[in-house]
J.: 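The structure is given below, and queries will be raised subsequently.
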Protein chains: 4
Amino acid sequence: MERKAVTVGIIGTGFMGKAHAEGYQLFDITVGMFASRTLKNAGSAAEQFGVERWTDNWLELVQDPQIDCVDITVPNHLHYEIAMACIKAGKPFLIEKPLARNTEEGEEIVRAAKEKGIVAVYAENMRFKPALVRTKQLVDEGAFGNILMLRSNEIHNGPFHAPWFWDAKLTGGGAAIDMGIHGVNTLEWIMGSKIKRVYAETGVLKWSEQCKNGAEDTAMAVLRFENGGMAELAISWAISGGMDVRLEVFGTEGTAYVSTTHEAGGLKIYSNKGYGRPLEVEASQKPHVVDTKGWSFPAPKDVMQQGHAFEVKHFIDCVRGLAQPSSTLEDGLRSLAVIEAMYESAAKGIAVEL
Amino acid sequence: MERKAVTVGIIGTGFMGKAHAEGYQLFDITVGMFASRTLKNAGSAAEQFGVERWTDNWLELVQDPQIDCVDITVPNHLHYEIAMACIKAGKPFLIEKPLARNTEEGEEIVRAAKEKGIVAVYAENMRFKPALVRTKQLVDEGAFGNILMLRSNEIHNGPFHAPWFWDAKLTGGGAAIDMGIHGVNTLEWIMGSKIKRVYAETGVLKWSEQCKNGAEDTAMAVLRFENGGMAELAISWAISGGMDVRLEVFGTEGTAYVSTTHEAGGLKIYSNKGYGRPLEVEASQKPHVVDTKGWSFPAPKDVMQQGHAFEVKHFIDCVRGLAQPSSTLEDGLRSLAVIEAMYESAAKGIAVEL
Amino acid sequence: MERKAVTVGIIGTGFMGKAHAEGYQLFDITVGMFASRTLKNAGSAAEQFGVERWTDNWLELVQDPQIDCVDITVPNHLHYEIAMACIKAGKPFLIEKPLARNTEEGEEIVRAAKEKGIVAVYAENMRFKPALVRTKQLVDEGAFGNILMLRSNEIHNGPFHAPWFWDAKLTGGGAAIDMGIHGVNTLEWIMGSKIKRVYAETGVLKWSEQCKNGAEDTAMAVLRFENGGMAELAISWAISGGMDVRLEVFGTEGTAYVSTTHEAGGLKIYSNKGYGRPLEVEASQKPHVVDTKGWSFPAPKDVMQQGHAFEVKHFIDCVRGLAQPSSTLEDGLRSLAVIEAMYESAAKGIAVEL
Amino acid sequence: MERKAVTVGIIGTGFMGKAHAEGYQLFDITVGMFASRTLKNAGSAAEQFGVERWTDNWLELVQDPQIDCVDITVPNHLHYEIAMACIKAGKPFLIEKPLARNTEEGEEIVRAAKEKGIVAVYAENMRFKPALVRTKQLVDEGAFGNILMLRSNEIHNGPFHAPWFWDAKLTGGGAAIDMGIHGVNTLEWIMGSKIKRVYAETGVLKWSEQCKNGAEDTAMAVLRFENGGMAELAISWAISGGMDVRLEVFGTEGTAYVSTTHEAGGLKIYSNKGYGRPLEVEASQKPHVVDTKGWSFPAPKDVMQQGHAFEVKHFIDCVRGLAQPSSTLEDGLRSLAVIEAMYESAAKGIAVEL
């Protein structure tokens, strides 16, 4: 079913504002306005994404009657004020992590949104990464038995894309509130139990010039859950080699190694019990895919991984006149001709020219 | 921009018909009807995907005025007849690989579609796999210099999901026309040059009982391109360990290893020149991601890999009242509380209870 | 230089006694005697490894004048007594990890050996794994800059090969003293600094029936070093999927991922500075191997990895009349013939029969 | 058993002469003399490896009565002459690949060695790589069923370590005779059947300036075996990203991916039947290592991979007075102290200082 039109306004035109805009585009959702600190930034983002209106006054965006809902991607210290304005304006909002600089600000946002009955989504992208969504499904299916131990890391070489990240006054902390905020949420989600005790070490190990007002660049923690499970968390802004975000899941009956960066979404899974049944197996007289007991390497989401979702979308866009076929009947014909030449070659024992 | 509504009809309710239906759902595109050989199969697929109408007469679907376009996912020997009916009915169509059983059938389809000016897409899903789309972009950017050599494989343990796959009379061949048809298309696409010579070996190495009318279960080929480049292609229905689809790209300035199965979409890339600039780098005072010269492991599509596209889509679905937030403000608050406990632990040198 | 003959006696014929015997064989070192609790076990091991003498009295082995030195591979609770007997007998000894059940026993062994000037080696096999030896060399070369953070894990599904492992009275603890003892040694070695603070969580998460007298099956720790560096350690006997032993090294200038189990010795390394120069580069006009700046995947020890060491040893064994060539001149001739056929095929554009 | 002393002489002091010298050292085998084209090169290699004698006249080395056997590591065009001199002198020899420049030379060497009954080993290092030796054992055990299909590659960026490699007059060809010579031998060895037909494409794709007298820099071939099996072979001197040597084995019952470069000796194996039994399993009440059915990641040789062989060798060297313990009793004591602190921390819920 085609769904009703909704127009979103994005506040913030940094790395995350643009990533969100690209996401809306992928699903044909209208971005109606950009707000940024300067008209130049707002206009430049609007031009890049074909957005018709922009402003340097975020309140204008929040209050604009053509904007149905608001996407907040600004620095941490502005979260509280903008979220409260959305609530006051009765506008649904998506709010970037962390919710705020501290639990005091956070509690007020939660309370006000609840009182006014505002639809709000906390922008924890870990909850939407295909590889983690699949992992959570496997945990819930029992593929790993009871979860005993988790290991999580979010490490890179520092948030040089904006100076405010390094200042604990503006953010509420350092690498832990910036990166570890993903990990603690993910760990409780995957474990299905609340953290009951934490021990952490923090320090400025590399970027002493950049880190301000008490921000740390590295943190390591051991966590204990209410269900008795354990986890460790490694967080750093001091690491070379590119962003490295992984989760390791250890249960009584299985193990999962999940990377969402270096190995590009890969899952490497061991299950004593096995799990799931791909469409191919359901449709099959006899399994032609590997058994899911033991080690296996499933795609996070087959219909995307294998391209079919994008293929059918492309077809519809062609039907709508919005695109020209990028894979044509002539392509199909050509492929047939090459295969026929292969068959002829194999039959005759000679190379065949095309 | 919200795009105009289009209703598609799917002919075929096997593995591929269902994979396509899942793809349409992901993008909120209406499937108006299913056609299958039996009313039972058609009705069962319709129920699974919430489709309101179904039939056991594919021609009825093609001619139905509420069906704007047709998705053909039936066995090879039916491609010709249905494609020609779509052309006659003036309906745009998406047609599964291979285009037909042979070039004679294929040529007629191409000619008739062109004469009638019908929009048609050849369903080569390799063209839409995010990992291969990214690879092609990198090739076009020059990340690998001139492409010299390619290696491709599409191997699994046999198409046991339907008996017609094994019969060359119905399909036009065996593993090569079934699986190799992907490879030859992909190789010409990535090389940017036509194949000018092929040498192939084919054989029935494992499934002599299943293979009928000359179908082979394994084929290997060496291919030479017009630009002088070389490739090899390994195709088999006789392989244990799960579906394994990879492409290796070797150029004068770099190398890419691409898997779209075992390593779940991963790219492993070497480039003497480097390539691209992620949003994070564009927004950065100082690169905090790894340089793309040398070895790197890029995501096929960051905005999906990292979940942001699905996150913003979820937000809009909540706004539309079609979903409840799966990541709440309370989640954000909880994460803040854990981080604060970590900071307290690190400051005091004790474990902190939550 | 051929070195002087030394005869070693092995006490213990379990998993580790046999692994050591295989190691002595590889280097043509004479094992003169086995001792075990029963004559049957001792005799069986002796037969397996071609050892001429055996005993069920370990003291007899220690005191035997033909035994030059002693290899102690018995359960933890026997370490102290046997080590002291070796010291008293003036025999050099190799002693399995952990040194003893506790630091009291351990300190006496250290003191007594020092007083008598006995050569003794602590059998920490991590110090001898080619992948870790190479990693330590790279650390010392500065390939990673200053080491900031380490992550270590030694996990498997429990020591079911002998019941004594599970009893803290006999071993001094559980998974931590069994497996973590490797990790803490390795961490200080690689960091080049002493641990100054530890925080640990321990628990019986899976094997409550097996764990006796306070033994834990899982432990996680955060460690802080005197130089300010941090580490985490994950230890478990409760994990499915096979033994998994990895070390991750993060420095100001680079990163190493080292697995000595699942990926069979592999190193995956990122270095801003680069490192080393293989023989091929030293001998080269122009580098034909990948630069060591950025990501690289070096062999732990090329001369073994690539087989040359074993090849030349085989040659000498053939010269000594102890082996027949397993790679013959006829093999070399055959290979030439195939290559010549390839050249002929390429020149003529036809397949060539051999 | 300590084996009788044998003194080897090495002809050639390039990359391979030195790699062999390092191998002899590892096993305490005496290298008595180096021969090279110049006294300077010979003397320099002798100094590097502690060899007492050297010469610029290889015949002198061959005829020297203190040299028991000869290791031939010179350019291809000298193989024939030196091998014949060894045969005439009655000296066992190890000869680098390829055996000679062509089958005519090769046949004479084979015939002459056989007539004189000379012990000779063809230096095909693939036969001695631990990862391939293990793979061959698994093939012979039936872990993969019947072998159907193989894929092999030996690729790097060109032999810039010596100019003679590029001249077909001196070598007999190009990349195929240099690198492919490994592959064809390995393929027949692993398949356990002779190649009966080859089709190849060759070309100069990158290094047209370097390639002389008909040498190619790239070759691809499809091969058919007498048992019906197939293989492909990719050979190149034109590839960026470092040396990449892999073998893929596909059988009716399993699959192996073997890399001996990028993944440092790793095996990734799928077996429907399972294989082998490590010492740990034999000694075990209950398997605590992963089942070998399905996917597994075995070490090529556990006793080396895990360091035990090198550990015991080190112990004996300490006993012989040739080394100082690199892992001491104090190290063992220290590790115990850290573990005890971990136990104390876990018991008390506080961090513990050491």
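Numbers restart at 1 for each chain; the letters A, B, ... are given by sequence-line order, proteins then strands. No experiment lies behind these values; they were computed from the predicted model shown.
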J.: Is there a side-chain contact (heavy atoms from CB on, under 4.5 Å) between Phe250(C) and Thr218(A) once you walk through the steps?
T.: CA-CA 11 Å; Phe250(C) 303 98; Thr218(A) 302; over 6 Å; no
J.: Is the number of heavy atoms from other residues, nucleotides or ligands under 6.0 Å of Lys136(A) NZ greater than 12?
T.: yes
J.: Once rounded to the nearest 0.5 Å, what's the spacing between atom CE of Met220(A) and atom CG of Leu150(C)?
T.: 7.5 Å
J.: For chain A, which residues of residues 191-205 of chain C have at least one non-hydrogen atom nearer than 4.5 Å to it?
T.: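 At a heavy-atom separation under 4.5 Å, chain A is reached by Arg197(C), Tyr199(C), Glu201(C), Thr202(C), Gly203(C), Leu205(C).
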J.: Less than 4.5 Å to any heavy atom of chain A: does that hold for the side chain of Ile147(C), its backbone, both, or neither?
T.: neither
J.: Quick check on the structure: residues of residues 221-231 of chain C within a heavy-atom distance below 4.5 Å of chain A, by number.
T.: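 Only Ala221(C), Val222(C), Arg224(C), Gly228(C), Met230(C), Ala231(C) of residues 221-231 of chain C have a heavy atom under 4.5 Å from chain A.
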J.: Heavy-atom pairs under 4.5 Å with chain A are the metric here; pick the option from Asn146(C), Ile155(C), Asn153(C) that has the most.
T.: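 Max contact count across the listed options: Asn153(C).
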J.: Would Glu248(A) and Arg151(C) pass as an ion pair if we require N to O under 4.0 Å?
T.: no
J.: Just how far is it from atom CG of Asp244(A) to atom OG1 of Thr255(C), taken to the nearest 0.5 Å?
T.: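 Nearest 0.5 Å value for the CG-OG1 distance: 8.0 Å.
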J.: Quick one: what part of Met149(C) sits under 4.5 Å from any heavy atom of chain A, side chain, backbone, both or neither?
T.: side chain
J.: Indicate the atoms forming the closest heavy-atom contact of Lys206(A) with Thr252(C), along with that distance.
T.: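 That closest heavy-atom pairing would be NZ-O, 2.8 Å.
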